[in-house]
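Report on the structure given below.
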Amino acid sequence: MEDRPMVRLTIDGQKIEAMQGTTILEAATENGIRIPTLCHHPDLSNWGGCRICVVEVDGSPRLVASCVMPVRDGMEVVTRNERILESRRTILEFLLAERNHYCMFCAQSGDCELQSLAYELGIDHIRVPLSFRMHPVDASNPHMVLDHNRCILCGRCVRACKELAGKSMLNYQNRGAHSLICKDLNDSTEDSDCDSCGVCLQLCPTGAIYSRLRPHQSVLGKKGSLRVVETKCPICGLLCSTRWSLKGQIPVRIDGAVSTERPDSGQLCWKGRFKPLEDQGERLIEPLVRQQDGALRPTTWEDALERVAEGLSTAKSKGGVMGLASGGCSSEEIYLLKELVEEGLGGCAAVTEGEVLVPLLEAWREMDRTFLGLKESSFDRLAEADLILFAEADPQVTHPLVAALAKGAVLERKAAVTSLGSTRVLPSYNGLHVSVPQQALAVATRALLGSALGRVGGVDPLRRWRRILSVVEAFQEESKELDRATTSALEILAKGFVEARSPIIVAGEGMMAPGDPSPILNIMFLALLKGLVPSNALRLLVLKPAGNSAAALRLGCLVVPRDLCARGEGGCLILLDGQGRIPLGYRPPAQFTAVFCPFLPSRELMDSVDVFLPRPLWTEQRGTYLSVDGNELGRVVPFKTPPRGVLRTWEILVALAGRLGVRHLPEDEGTLMARTLAAMNLGTGCS
Amino acid sequence: MSPEQIIREVKESGLRGRGGAGFPIGMKWEFAARSKGSVKYVLCNADEGDPGAFMDRSVLEADPHAVLEGMIIAAKAIGAHQGYIYCRVEYPLAVRRLNLAIEQARNYGLLGKDILGSGFDFDLEIYQGAGAFVCGEETALMTSIEGKRGMPRPRPPFPAVEGLWRSPTVLNNVEPLASVPQIILKGAKWYNKLGTLRSKGTKIFALTGDIVNVGLVEVPMGISLGSIIYDITGGIRKGRRFKAAQLGGPSGGCIPAQHLNASVEYESITQLGAIMGSGGMIVMDEDKCMVDVARFLMEFCQDESCGKCTPCRVGTQKMLEVLTRICQGKGKEGDIETLERWAAIIQNTALCGLGQTASNPVLSTLRYFRQEYQAHIHENRCPVVVCSAMFKAPCVHTCPVEMDIPTYVTLARLGRFEEAYRVLVQTNPFPSVCGRVCDHKCELKCRRGTLDEPAHIKYIKRYITDHAPRPRVEPVRVTRKERIGIVGAGPSGLSAARELALRGYAVTVFEELPEPGGMLLWGIPEYRLPRDVLRAEIQSILDLGVELHCNRRVGRDISWESLKKDYDAIYLAVGAHKSIRLGVEGEELEGVWGAVEFLRKVNLGQPPALGRTVAVIGGGNSAIDAARSALRLGAEKVLILYRRLRVDMPAQEEEIRAAEEEGVEILYLVVPVRFLGRDGKLGEIVCRRMGLGEFDSSGRRRPIPVAEEEFAVQADSAIVAIGQMPVLPFPPGSDEIHVTRAGLIQPLEASRTRASRTMVFAGGDVVTGPDTVIRAIAAGKLAAMEIDSAIRTRNSETPFVQREPERFEIPM
């Protein structure tokens with residue numbers, strides 16, 4: 001790009017220079033000359049459909065669309081004169097008259113490019129007779145509505161679905177005046193392959209695709225008064241960049257940081273885009289303490305903390321204390337809980353999804369015995385893979401963006417998607433699925449590894465990989481458990497994997513059965529067969545159950561001894577994020593239980609807990625999160641103030657520690673973060 | 001030949017593409033040859049989508065090898081190794097034969113690897129398009145071959161630089177590609193011998209529409225449009241007149257009769273608002289409504305718009321809505337201007353050729369047939385009686401007074417003649433006159449005529465008036481204080497008088513001659529219109545209470561000023577009672593008569609002595625009347641000298657035939673140059689022979705002198721019947737009445753009969769020039785209505801409410 005020659009041209013009398021190959025629109029925008037557009041979007045390919053951006057070139061009567069016309073040396077461009085404005089106005093009137101654009105009934109009013117453009121061009125009434133045609137409305141999706149009545153057929157959604165999300169499930173149907181946007185083969189959003197990533201919604205310039213979750217927010221006012229915040233989304237652990245638009249404290253919409261430069265193009269998944277907008281119940285805004293009569297009543301923080309300290313110190317002396325945190329809690333919270341419970345009270349702390357992570361940890365330890373210092377591949381690698389093997393993973397549910405990247409890989413780069421396990425992943429994209437029940441995973445993965453090993457050839461490395469060989473040798477007797485069909489399917493799977501140029505394995509939490517690290521270990525060895533990717537990473541990505549599971553893994557905060565729960569004594573201190581639940585095995589073990597949670601708890605939980613303490617949401621307090629692959633550290637800076645009376649978790653934990661006589665906890669946020677990072681074995685410089 | 005030599009030869013030949021711009025083929029190849037890249041393509045556009053066009057199809061089916069050879073040569077010229085023929089799926093035979101030809105070519109080593117041992121590889125395959133019109137646009141065609149939705153993409157980059165799969169591509173139409181082998185074989189000079197300066201060679205046209213012979217013709221460039229239509233295809237069917245030809249398919253434009261001389265070449269056709277395009281030519285006769293044609297073509301375009309760009313997708317839809325509305329008689333003031341504004345914007349802002357040219361049919365019909373649009377919008381009338389939403393029956397809509405033809409024809413069929421007569425006089429005060437002398441345009445539009453022959457509406461009318469008693473007429477009481485003066489007791493003046501009297505006005509009619517009737521009495525000879533019939537009808541009008549003063553000429557017996565003082569409104573219906581002179585030497589000789597003056601003398605009963613040989617000059621109804629009257633006065637030999645051909649004669653066909661049967665001799669293509677006299681009396685007429693030259697603005701061939709020599713026609717009398725003009729009863733400049741150069745009164749802008757701000761109205765021949773009886777009646781009725789409404793408006797009264805017409809129960 002840099003060495004392209006420059007051309008000189010004149011736009012509205014202003015002499016400017018632009019790189020050859022840029023469009024008039026780009027050249028004008030760079031020089032601060034505004035040309036209105038509708039179908040154009042800087043992160044999408046040029047389309048040239050709406051014709052709003054027409055300009056006059058060299059005085060020719062035929063106007064050209066500046067968004068697609070490349071600059072030429074000596075070009076004379078006029079972007080505004082009465083003729084051009086009249087053309088733009090008429091085209092806009094055509095658009096407004098074509099379908100049913102009644103701003104007063106539109107959720108997007110005030111945040112609509114069509115509407116703003118009408119204001120800009122001074123359209124106070126429409127001279128073109130309206131068509132009054134009824135168009136269908138597709139409201140079959142819980143998150144988005146596609147209302148053809150407000151569609152201007154600019155095709156941004158079509159291009160976004162193809163170019164940004166890589167799914168190509170949106171396109172046009174019919175011709176001319178009967179054109180409509182359609183999904184797949186004219187399916188409704190629900191029946192189609194749409195995974196509600198919402199990138200179409202984000203780029204729609206009108207109210208044709210709008211969010212079901214905040215349609216009423218337009219009453220709060222115009223776009224200009226919204227506060228826009230960039231933040232990482234810690235919900236599933238992929239740490240996508242998101243852009244939140246807030247009106248006061250209320251989030252109105254969440255957008256992806258769209259950019260063609262990122263491997264994921266800045267698309268979001270339905271979790272990141274819509275979940276925080278969902279109604280999650282009433283907030284808990286003051287501590288609740290169980291009284292003598294057995295009822296929970298609100299009380300002051302002083303009183304509540306006193307009660308918790310009392311309960312925990314009693315428990316410590318009786319049966320011991322355990323701490324539990326949801327995997328979505330920030331690293332600091334998990335670290336503090338661990339410090340308080342393990343160091344201060346001599347108990348044991350874990351994350352609620354910890355049991356799943358234990359086999360993974362064991363497998364890594366096993367791995368480390370032979371191959372030291374390996375790590376998981378970054379999920380960005382999916383954007384380059386030519387074969388993606390899903391091992392007992394369900395990315396559509398757990399990590400939708402991983403599914404989206406896999407779809408994009410199939411459609412855009414003809415990559416192959418294969419899977420192994422109990423469910424067929426991405427059925428319409430999947431080239432080969434080997435159905436294996438969960439209990440047979442160990443055998444199947446060993447068979448796969450054996451088959452792959454046979455195909456890799458090359459004797460020398462095999463000798464070095466004694467561990468792998470020992471695994472495979474032990475296989476002979478067990479192979480009887482697999483039927484012949486599965487065995488031969490596994491052979492094909494192994495062949496595909498070995499022959500792929502740059503394969504990557506995505507393992508789901510189902511690979512990590514409690515107490516048996518062998519399936520995931522086999523998969524790790526399989527990944528190893530195709531060599532490493534840069535920065536010493538395996539061709540493997542393990543989808544962990546919660547957003548910050550990777551941090552828990554680092555902090556070693558995984559599991560509490562079973563006997564501690566089983567004794568039915570002692571105390572329990574629980575941190576719950578918005579989505580967290582206490583896993584069944586832990587409940588209700590203790591004589592005394594205190595829970596931090598952001599929302600009013602369920603009836604079930606209410607009966608077994610002695611003290612509830614309000615907790616801020618992740619948007620309301622500072623926190624560090626480790627990405628699912630453990631390679632990226634995301635910091636969330638609070639951009640919402642918690643409701644009155646809700647205090648930051650770390651302050652409460654430190655205050656509690658004070659009451660319990662635990663003195664070594666950090667006193668300020670800075671120290672806390674530094675010590676958390678140190679505990680996770682990550683320098684502050686970690687990306 | 002090297003690629004450079006091929007390109008030079010093709011450039012020299014002047015071969016041009018068949019797209020809207022007619023881009024030179026050689027230049028296109030040169031650009032593609034210069035483009036960098038090892039992968040290039042040659043495409044053949046065989047997606048012939050224009051309605052009524054089938055040139056490409058016939059080439060593909062008859063000589064597919066010509067196209068293949070052209071493509072191989074093109075490939076050699078630009079360095080391509082792969083080609084595609086984009087052929088529409090509706091041409092299964094063409095596809096089959098192309099496949100066969102490709103197979104044969106491969107067998108002969110003309111396609112494939114190392115063609116004829118030259119080391120050059122080229123192969124091609126057929127891509128079948130689904131028949132979308134837009135896929136004839138080059139970028140959409142390429143998108144379609146790529147397997148995507150056929151939508152055009154913006155240019156630049158042009159296909160020669162970045163086309164199919166982003167590689168340099170040459171796309172040509174079937175026809176030029178098929179010409180290439182011959183050009184290479186016989187040389188550029190052989191090809192560019194034919195044609196004009198900028199358009200070389202020949203062009204194939206697919207001729208359809210209202211012509212005698214439809215089909216394909218290949219003509220040299222530069223031939224005139226008229227000679228294609230009249231000389232090659234045998235002219236218009238059923239003897240109708242040519243109206244317009246739609247050139248270049250739905251995105252082309254129409255060329256009207258006044259441009260029949262236009263030469264068929266790229267530039268001149270573009271100048272006329274059409275395009276050469278692939279060569280579809282739809283010829284339309286006078287029965288085609290141009291608004292309806294524009295609507296049809298717009299419907300096609302909006303249907304075929306791909307929907308990518310707004311101006312084309314919505315613009316065509318909205319224009320179609322307006323055109324449909326106009327055709328339904330729901331047009332609004334300003335619709336024409338809206339159409340023009342939108343058309344210009346769509347033309348200038350649309351993405352591809354389809355959108356840019358979609359408004360051409362509207363623009364070109366507006367350019368040449370604006371008055372038809374105006375009639376639809378302002379008069380709620382389709383002048384050629386096509387837009388059926390506006391009328392009950394075509395015959396009714398054709399009739400200037402909208403006689404209820406279906407009702408009286410049906411009543412006549414049932415034998416209910418009395419009632420039928422009542423229907424006649426509802427709208428027409430002169431049914432028995434019209435039953436004899438009307439030009440019955442209604443019969444031209446009679447639906448039955450499309451089956452075999454039209455119903456003889458005129459004679460049915462005559463039969464009714466001849467066989468049923470005249471409906472009784474009672475005097476109408478004068479209910480209004482305004483007095484109306486009418487000058488001229490012709491059909492127009494009397495019709496106005498009747499209409500005004502029925503509305504309760506006191507009406508006075510002034511007639512210069514001794515008896516009322518105007519041209520009905522003084523122009524039309526008695527053998528055509530018996531006097532008792534005429535007098536009875538005039539009497540019915542006078543019986544209503546209309547006051548008539550004969551032998552009173554305004555301007556001579558009554559002053560213009562006093563007339564204006566005495567009457568609240570004046571209707572001028574003085575007709576055109578002065579013959580136009582030929583303006584040649586000897587016209588003042590004794591024995592040279594004007595037709596009107598001659599007929600008036602005959603009808604006054606004072607026939608002039610004509611002698612033995614009479615020559616009548618002209619071809620209209622007056623000429624025939626004069627000729628047949630002359631025969632009846634005892635002339636031995638009556639000649640008609642007419643400067644054009646019989647088909648061009650404005651007189652009614654049945655009159656011409658009658659004249660011929662009575663022995664009148666008609667000389668065609670003859671024009672008198674001077675009258676020679678003996679002793680101040682006409683002796684002979686010196687004439688010159690004419691030939692037919694170019695087409696004039698009426699679409700008829702203009703007579704031009706073919707030979708210098710003259711010849712004489714012996715004649716004792718000559719009657720000049722080449723036209724009439726009015727004698728106006730007021731001094732020039734009175735009341736700011738606008739008089740045209742032809743001596744006719746021009747009504748005010750917003751009205752059709754009002755001649756001045758001072759309540760002077762005019763109608764009939766004095767406004768239109770010599771015209772038919774029924775149009776004079778219509779003008780009289782219209783004037784009455786406008787006079788009435790002007791008076792009521794002035795008095796701030798409510799509008800006149802027409803009495804509900806009598807209804808007749810007709811069993812089905």
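Throughout, protein chains are lettered first and strands after them, A, B, ... in sequence-line order, and every chain is numbered starting at 1. All figures in this text were calculated on a predicted structure; none of them were measured in a lab.
Side-chain contact of S109(A) with Q115(A): a donor-acceptor pair under 3.5 Å is present, judged by distance alone.
Within the 4.5 angstrom heavy-atom criterion, no atom of A65(A) approaches chain B. For a residue to count as touching a neighbouring chain, one of its non-hydrogen atoms must lie under 4.5 Å from one of that chain's; by this rule K318(B) touches chain A with the side chain only. Looking at S131(A), both its backbone and its side chain come within 4.5 Å of chain B, counting heavy atoms on both sides. If you measure heavy-atom distances from L130(A) to chain B, the contacts under 4.5 Å come from the backbone alone. Contact annotation for N174(A): only backbone heavy atoms (N, CA, C, O) come within less than 4.5 Å of a heavy atom of chain B.
Between R133(A) and E98(A) no salt bridge is recorded (no basic side-chain N to carboxylate O distance below 4.0 Å). Between E82(A) and R89(A) there is a salt bridge, since a side-chain N of the basic residue sits under 4.0 Å from a carboxylate O of the acidic one. Using a 4.0 Å cut-off between charged nitrogen and carboxylate oxygen, R18(B) and E48(B) do not count as a salt-bridge pair.
The interface of residues 143-165 of chain B with chain A, defined by heavy-atom distances below 4.5 Å, comprises R149(B), M151(B), P154(B), P156(B). Contacts with chain A (heavy atom to heavy atom, under 4.5 Å) involve these residues of residues 349-363 of chain B, listed by number: T349(B), A350(B), L351(B), Q356(B). Residues of residues 293-305 of chain B having a heavy atom under 4.5 Å from any heavy atom of chain A, listed by number: Q302(B), D303(B), E304(B), S305(B).
Contact tally against chain B (heavy-atom pairs below 4.5 Å) for L153(A), N171(A), V64(A): the top residue is L153(A). Counting heavy-atom pairs under 4.5 Å between each of M69(A), E93(A), R127(A) and chain B puts R127(A) at the top. Ranked by heavy-atom pairs under 4.5 Å with chain B, the first of V54(A), L92(A), L95(A) is L95(A).
With rounding to the nearest 0.5 angstrom, the CD atom of Q82(B) is 11.5 Å from the OG atom of S167(B). Taking CD1 of I209(A) as the reference point, atom SG of C157(A) lies at 4.5 Å (rounded to 0.5 Å). Atom CZ of R88(B) is separated from atom CD of Q128(B) by 11.5 Å, given to the nearest 0.5 angstrom. Here OG1 of T310(B) is found 13.5 Å from CZ of R88(A). Values are rounded to the nearest 0.5 Å.
More than 12 heavy-atom neighbours from other residues, nucleotides or ligands sit within 6.0 angstrom of CZ on R341(B).
For the residue pair S179(A) and G307(B), the shortest heavy atom distance occurs at OG-CA, 3.8 Å.
You'll find the side chain of L203(A) stays beyond 4.5 Å of the side chain of D43(A), heavy atoms only. Residues E163(A) and S265(A) form no side-chain contact, since every pair of their non-hydrogen atoms from C-beta on lies 4.5 Å or further apart.
Using a distance-only test at 3.5 Å, with no hydrogens or angles considered, no donor-acceptor pair links the side chain of D138(A) to the main chain of L146(A).
With sequence neighbours excluded, the residues forming a side-chain hydrogen bond (donor to acceptor under 3.5 Å, both in side chains) with E56(A) are N81(A), R83(A), listed by chain and number.
If you run side-chain contact (heavy atoms from CB on, under 4.5 Å) between L323(B) and each of D335(B), L339(B), D292(B), only L339(B) comes through.
Between W342(B) and F94(A), the ring planes lie perpendicular to each other; the angle is over 60°, past the 30° to 60° tilted range.
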